[in-house]
J.: 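I have a structure I would like to understand better, so I am pasting it below and will then ask my questions one at a time.
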Amino acid sequence: MMYEKAEVIRNSAKGLVEVGGLYGRMHEMNISETAEVIALCDDYAGVPHVRFSLVSSIGPRVMDCGVKTLGITAFLETYKPCSDKGVATGSNVTHLKSHI
């Protein structure tokens, strides 16, 4: 089942995920990942999943980008919501729209 764009999936332990939301994480050596949620859906067992565009970069340089899918729990354990300004700590969100 695909959710409508305006809907969210709430995970009581970790918060909520919304289509269009930006999430990120930092690795060692200034490597950042920025994820933009593009769809929310359930698998055949009814487990909610997050489909997202992911950009990996080192500083201003994009290393990789593509579309990925994770269960909501794994997604929220891996990626944290971006700040009010739309930027996760140390991430390069400017590349997200220009490379995907």
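The first residue of the sequence shown is numbered 1, and numbering continues consecutively from there. Note that the structure is a prediction, hence the values are computed from the model and not measured. Atoms considered below: every heavy atom in the structure, side chains included; atoms not considered: hydrogens, waters and symmetry mates.
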J.: Can you tell me how far CD of E77 sits from CG of L70, rounded to the nearest 0.5 angstrom?
T.: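 So the gap between those two atoms works out to 10.0 Å.
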
J.: To check you understand the geometry: which heavy-atom pair defines the closest contact between G24 and C82, and what is its length?
T.: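 Result for this residue pair: N-SG, 4.3 Å.
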
J.: Only pairs at least two apart or in different chains count here, so list each ring-ring contact (aromatic ring centres under 6.0 Å, His included) that has a residue in residues 62-81.
T.: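 Listed once each, the pairs are Y23-F75, F52-F75, F52-Y79, F75-Y79.
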
J.: Between S32 and M26, which heavy-atom pair has the shortest distance, and what is it?
T.: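 The pair with the smallest heavy-atom distance is CB-SD, 3.3 Å.
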
J.: Under a 4.5 Å cut-off applied to non-hydrogen side-chain atoms, are V67 and L54 in contact?
T.: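 V67 does not reach L54 side chain to side chain.
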
J.: Side chains of D42 and V47: closer than 4.5 Å at any heavy-atom pair?
T.: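 Not touching, per the 4.5 Å side-chain cut-off.
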
J.: Among residues at least two apart in sequence or on other chains, which ones pass side chain to side chain contact (heavy atoms under 4.5 Å, CB included) with T69?
T.: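 Only H49, R51 meet the side chain to side chain contact (heavy atoms under 4.5 Å, CB included) criterion with T69.
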
J.: Nearest 0.5 Å, please: how far is NZ in K68 from CD1 in I38?
T.: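 One finds 11.5 Å between CD1 of I38 and NZ of K68.
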
J.: Under the 4.5 Å side-chain heavy-atom rule for ILVMFWY, direct or indirect, which residues accompany I58?
T.: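 When side chains under 4.5 Å apart are linked, the cluster holding I58 also contains I31, M63.
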
J.: If I take atom CD from residue E33 and atom OG from residue S56, how far apart are they, to the nearest 0.5 angstrom?
T.: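 If I round to the nearest 0.5 Å, the distance is 4.0 Å.
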
